[in-house]
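Report on the following structure.
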Amino acid sequence: MSIVQEPPRFGLIDGNTFYVSCERMFDPRLHGKPTVVLGNGDGCCIALSPEAKALGLKIGTPIFQVPDAIRKQVQVRSANFALYGDLSARIVSILRDLFPRVEVYSIDENFVDVEGMKDPVAICLEARERILQWVGIPCCVGLGATRTLAKAGNKLAKTQSKRAAKAGRLAVFHATPENIHQLPVEDVWGVGRRYTERLAQEGVQTAADLASLPTDSVRARYGVVLARTQQELRGIPCGDLELEEPDRKQIVVSRMFGRDVADPLDALVTFATVACEKMRGRDLAAGALWVWLDGNPHKGDGFHVSRAVPLPFPTRDTGEVLQAVRFLAKSMMRPDQRFKRGGIGLTDLVRSEQRHADMFFAPDSRRERGMDVMDKINAKYGRGTVGVGTTGWRVGGARPGEPRRGGKDAQWRPRLKALSPAYTTRWSELLRVQ
DNA sequence: TCTGGGGTCCTAGGACCC
DNA sequence: TCTGGGGTCCTAGGACCC
């Protein structure tokens, strides 16, 4: 086995239980208390504080399945992605000041370039300190010669930081091919539940076990993706930082409905409107779209229907998309059926300016300018201020005290009972200091 | 009562062409 | 009549990520 020993080239800095930390940032009463953030419609737990984990709660558990005795001990919040996204952007700007290159990997994780730095650990600790002081989010740092090792280091920093906090040590870990025997293989980036099961049958338990398998057999049995992961565990880089976010290939908006509905048209139209806004925000146009609807498997009705349609010319016009969505949805609905979930996808996305008009098809420039005006108004006064002949708007559901627009057609809307205010993104909800 | 949402990449197999 | 290799494109399904 070839092992390459290198100084760290990459760092991975991520926020500890990020959504919970964001909620705590604005509501210090939550500190030290078991805290849970719930996903859409207050359904499943999507983030847990360590205290909540200690009570036995798991990511993905529906909150209603949690026994009352435990639920009473837990502070519950509805996910507030506007708030989390805003704090995330502040963290990124701190990192850009300290590192020559930053890859925004997810809302709570950033890779940084530490190649050639004299003391990468010190710089990473400085970053951690600034983020804690200026944004209020605690972070852990992993270092490694490859991105996979940096991820591994981050995991190990997390598991060690509990003990380290007591011992006064700090939440940084430099992972090398020699010290990753401490990391269970399921915690390796790129190894999910399926691979973990199959690897266990081969006696592979740790990251080091995976690294020591013959590469050819990993390649043959698991494919190129895991073979690359294995190379990276040995310190051989298979990828660099991605500094530019690549253009999306598709944009999907889907939701579980608040209850089973017979007529999901209003929901699908709303999803499509949101998808179009997102698409225009990225200067893209859709060459095709699809729509799907699911029954309720928990009621023994687990069907799935979907239909797709290409568009004659890539469009960024909400009206045109809605027309297609209505047509497809109506062709899929049956009088006796109830739907639990639905979604729409805009696909075959191209950059708006790369569309080429031909003799028969060209964008309607007047309508397209109208779309841009609409987006500007909605950005300024809130989503749904103006729209293309539809009803209710906030996809996540009404905030407490806010009227539920859309009337009886809006039964699909999930309710949010415990949404924290949009402290940083709405003037009316700014935190007040007495 | 109530069960997350949004992405990417790879592979295998079928259809089709030369 | 019988039988070929190689290329492309598309789709569905499987695996992963946060």
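Quick caveat: nothing in here was measured; it's all calculated off a predicted structure. Numbers restart at 1 for each chain; the letters A, B, ... are given by sequence-line order, proteins then strands.
Considering only side-chain N and O atoms, A/S254 lies under 4.0 angstrom from the phosphate OP1 or OP2 of B/dG6. Using a 4.0 Å cut-off, no side-chain N or O of A/K151 falls inside it from OP1 or OP2 of C/dC16. Look at A/K340 and you'll find a side-chain N or O under 4.0 angstrom from OP1 or OP2 of B/dT3. Residue A/R341 places none of its side-chain N or O atoms closer than 4.0 Å to OP1 or OP2 of B/dT3.
Nearest to the side chain of A/W189, among B/dT3, C/dC18, B/dC10, sits C/dC18. Nearest to the side chain of A/V252, among C/dA15, B/dG6, B/dC9, sits B/dG6. Proximity note for A/E109 (side chain, C-beta onward) versus C/dC18, B/dT11, B/dT3: the nearest is C/dC18. Here the side chain of A/Q250 is nearest to one of C/dC18, B/dT8, B/dG6, namely B/dT8. Distance from the side chain of A/S106 is smallest for C/dC18 among the nucleotides C/dC18, B/dC10, C/dA15. Of all nucleotides listed (B/dG7, C/dC18, C/dA15), B/dG7 comes nearest to the side chain of A/R248. Side-chain atoms of A/R228 lie closest to B/dC9 of the nucleotides C/dA15, B/dC9, B/dT11. Closest approach to the A/R194 side chain among C/dC16, B/dT3, B/dC9 is made by C/dC16 (side chain taken as heavy atoms from C-beta onward).
Of the possible polar contacts, none joining the A/D187 side chain to the A/P184 backbone as a donor-acceptor pair under 3.5 Å is found. A side-chain donor-acceptor contact under 3.5 Å links A/R355 to the backbone of A/P314.
Comparing A/G223 and A/P62, the nucleotide of DNA chain B nearest to each residue sits closer to the 5' end for A/P62.
The CZ atom of A/R71 sits 13 Å away from the P atom of B/dT3 (whole-angstrom rounding). Look at CD1 on A/I59: it is 14 Å from P on C/dC17, rounded to the nearest Å. For the pair A/I107 CD1 and B/dG5 P, the interatomic distance rounds to 16 Å; values are reported in whole Å. One interatomic measurement links the two molecules: CZ of A/R219 to P of B/dC10, which rounds to 10 Å at whole-angstrom precision. Residue A/Y195 contributes atom OH, which lies 13 Å from atom C1' of C/dC17 at whole-angstrom precision. Atom CG of A/D68 and atom P of B/dT1 are 13 Å apart (whole Å). In this structure, the CZ atom of A/R255 is 14 Å from the P atom of B/dT3, given to the nearest Å. Protein atom OH of A/Y84 is 16 Å distant from nucleotide atom P of B/dG6, rounded to whole Å.
In terms of heavy-atom proximity, A/V309 sits nearest to A/A324 at CG1-CB, 4.3 Å.
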Pair up each side-chain donor or acceptor in residues 129-140 of chain A with any protein partner under 3.5 Å, not counting sequence neighbours, and list the distances.
from, atom 1, to, atom 2, distance (Å)
A/E129, OE2, A/Q133, NE2, 3.4
A/R130, NE, A/E126, OE2, 2.8

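Looking at heavy-atom distances under 4.0 Å, A/R198 makes no contact with the nucleic acid at all. Across all strands, A/Y222 comes closer than 4.0 Å to no nucleic acid atom at all (heavy-atom distances). Contact annotation for A/V66: no contact, since no heavy-atom pair falls under 4.0 Å across all strands.
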Audit row: A/R219, A/D216, salt bridge (charged side-chain N to carboxylate O under 4.0 Å, His left out) steps and yes/no = CA-CA 5 Å; A/R219 166 77 187 80; A/D216 285 350; over 6 Å; no
Evaluate side chain to side chain contact (heavy atoms under 4.5 Å, CB included) for A/L48 paired with A/V36, printing each intermediate quantity in order.
-> CA-CA 5 Å; A/L48 302 169; A/V36 169; 3.5 Å; yes
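A distance of about 25 Å separates the P atoms of C/dC18 and B/dT3, rounded to the whole Å.
If you look at A/F10 and A/F111, their ring centroids are not closer than 6.0 Å.
A side-chain donor from one of A/R280 and A/T318 sits under 3.5 Å from a side-chain acceptor of the other.
Exactly one residue among A/L210, A/V188, A/T206, A/L233 makes a side-chain contact (heavy atoms from CB on, under 4.5 Å) with A/L183. That residue is A/V188.
In DNA chain B, consecutive stretches of 3 or more Watson-Crick or G-U wobble pairs with both distances under 3.5 Å are given as paired ranges: B:5-18 with C:5-18.
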